[in-house]
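See below for the structure under consideration.
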Amino acid sequence: MAEFVYPPVIGTALTVFRALDLRIRIEGAEHIPAEGGAVLVSNHISYLDFLFAGLGAYKGGKRKTRFMAKDDVFRHGVSGPLMRGMKHIPVDRTDGQPAYEAAVKALKEGEVVGVFPEATISRSFMLKKFKTGAARMAADSGAPLLPMVLWGTQQLWTKGRPKTLTKRHVPVTIMIGEPIELTPQDKPVMVTRRLRATMSEMLDRAQREYPGKPSGPDDTWWLPAHLGGTAPTLEVAEAEDEAEAAAKAERRAQG
């Protein structure tokens, strides 16, 4: 089923990107393995990141990435059949073990599995804390980690901002780093630190080399504070995330 569903979705996305004249730059596509399992690890700054991360792997070697995503998306009437048809992996936030086992199985079968280790979109557009799941999956499956960073996608649709899906000429950077091979002696916590440090360096370069500029004083929201933008700092963003999570927990408790 996946091969009947995935190609038309890719084709549609590419058509839309061309129509919007998105200025997509992919660097490091040669690091995508031609075959075999790999854990594609990306930062998370937009609701559309899975499209662009998947594009990076597809352009790099026609690889189709199976992303781990919240199971809510799989229950939706429209997105659900598409997600299942493309063999993406549903994640139950209350019990992630079945999703983890499904991901390791897919990796051992030679699939590319996509992971967002921050779990949620970063409001600061900087790297949040990483969960260790990607490193553990790589260790358990014997697959390498493929660090990836995206930049520019937040201008199209991100948390706390209105959708601007018709915005034209937006530069989008997709940067893929060298594979990180694990040994049985590597500890997931240490590997995760190494992975995050690598991706932090990549993200810093992607931000500083990015050709796009704010159109005016009211268009600095998508730039991090340390680059002169008005996005919240990492500390402020974390406080906002905690407040949002507490509010959701309270609503669930009330019914």
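Numbering of residues begins at 1 and proceeds along the displayed sequence.
Hydrophobic cluster membership is shared by V172 and L48, with clusters built from Ile, Leu, Val, Met, Phe, Trp and Tyr side chains linked at under 4.5 angstrom. Connection of V73 to M68 is not established within any shared hydrophobic cluster, with ILVMFWY side chains joined at heavy-atom distances below 4.5 Å, either directly or through further cluster members. There is no path of hydrophobic side-chain contacts, each under 4.5 Å, that joins M126 to L195. Residue M86 is not grouped with residue F74 when hydrophobic side chains (ILVMFWY) are merged at heavy-atom distances under 4.5 angstrom, including chains of intermediate members. Linking ILVMFWY side-chain heavy atoms closer than 4.5 Å, directly or via other members, places I180 and M148 in a single hydrophobic cluster.
Nearest heavy atoms, P188 versus A135: O-CB, 3.8 Å. Counting all heavy atoms, side chain and backbone alike, K213 lies closest to Y210 at NZ-O, 4.2 Å. Considering every non-hydrogen atom in both G56 and I174, the closest pair reads CA-CG2, 4.0 Å. Taking each heavy atom of A38 and P33 in turn, the nearest pair found is CB-CG, 4.0 Å. Considering all non-hydrogen atoms of both residues, P144 and G37 come closest at CD-O, 3.3 Å.
Between Y6 and R66, some side-chain heavy-atom pair lies under the 4.5 Å cut-off. When side chains are defined from C-beta on, H226 does not count as touching L234, because their heavy atoms never get closer than 4.5 Å. Looking at M175 and W151, their side chains never come closer than 4.5 Å, going by heavy atoms from C-beta outward. Between L182 and L145 there is a side-chain heavy-atom pair separated by less than 4.5 Å. Side-chain contact between F17 and L55 is present, with at least one heavy-atom pair separated by less than 4.5 Å. T183 is listed as a side-chain neighbour of D186, based on a closest heavy-atom distance under 4.5 Å. The shortest distance between side-chain heavy atoms of S46 and L51 does not fall below 4.5 Å. Contact annotation: the side chain of L156 never approaches that of Y47 to less than 4.5 Å [non-hydrogen atoms, C-beta and beyond].
W221 places no side-chain N or O within donor-acceptor distance of the main-chain N or O of D218, the cut-off being under 3.5 Å.
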Checklist line | Audit row: K59, L14, side chain to side chain contact (heavy atoms under 4.5 Å, CB included) steps and yes/no | finding: CA-CA 11 Å; K59 287 288 190 178; L14 289 174; 4.3 Å; yes
(Q) Does V16 form a side chain to side chain contact (heavy atoms under 4.5 Å, CB included) with L165? I'd like the steps, not just the answer. (A) CA-CA 10 Å; V16 172; L165 299 179; over 6 Å; no
Next on the checklist: Between L82 and V5, does the side chain to side chain contact (heavy atoms under 4.5 Å, CB included) criterion hold? Intermediate values first, please.
Outcome noted: CA-CA 7 Å; L82 289 174; V5 177; 4.1 Å; yes
Q) Hey, mind stepping through R168 and L20 against side chain to side chain contact (heavy atoms under 4.5 Å, CB included) and telling me if it holds? A) CA-CA 5 Å; R168 294 173 57 78; L20 293 176; 4.2 Å; yes
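Counting only residues at least two apart or on different chains, the ring pair (Phe, Tyr, Trp, His ring centres under 6.0 Å) pairs with a member in residues 105-130 are H44-F116, F67-F116.
Atom CD1 of I45 sits about 9.0 Å away from atom CD of Q155, to the nearest 0.5 Å. Rounding to the nearest 0.5 angstrom, the gap separating the CD1 atom in I89 from the CG atom in D71 is 13.0 Å. With rounding to the nearest 0.5 Å, the separation of OG in S124 from CD in E238 is 7.5 Å. Atom CZ of R123 and atom CD of Q154 lie 14.5 Å apart (nearest 0.5 Å). A distance of 6.5 Å separates CD of E118 from CE of M199, quoted to the nearest 0.5 Å. A distance of 13.5 Å separates CG in L40 from CZ in F50, rounded to the nearest 0.5 Å.
Residue K187 places its NZ atom among 12 or fewer non-hydrogen atoms of other residues, nucleotides or ligands, all under 6.0 Å distant. Within 6.0 Å of the CZ atom in R194, the count of heavy atoms belonging to other residues, nucleotides or ligands does not exceed 12. The number of heavy-atom neighbours closer than 6.0 Å to CD of E35, taken from other residues, nucleotides and ligands shown, is 12 or below. Heavy atoms of other residues, nucleotides or ligands lying less than 6.0 angstrom from CD of E209 number more than 12.
Between L146 and the options V39, V41, I32, a side chain to side chain contact (heavy atoms under 4.5 Å, CB included) holds for only I32. Tested against R196 for a side chain to side chain contact (heavy atoms under 4.5 Å, CB included), the candidates N43, L127, V191 yield a single pass: L127. Of the residues listed (K128, K159, E244), the one engaging T120 in a side-chain hydrogen bond (donor to acceptor under 3.5 Å, both in side chains) is K128, and it is the only one.
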Acceptor/donor pairs from residues 98-105 side chains to any protein atom, 3.5 angstrom cut, sequence neighbours excluded:
{"from": "Y100", "atom 1": "OH", "to": "R136", "atom 2": "O", "distance (Å)": "3.0"}
{"from": "Y100", "atom 1": "OH", "to": "M137", "atom 2": "N", "distance (Å)": "3.4"}
{"from": "Y100", "atom 1": "OH", "to": "D140", "atom 2": "OD2", "distance (Å)": "2.5"}
{"from": "E101", "atom 1": "OE2", "to": "Q97", "atom 2": "NE2", "distance (Å)": "3.2"}
{"from": "K105", "atom 1": "NZ", "to": "E109", "atom 2": "OE2", "distance (Å)": "2.6"}

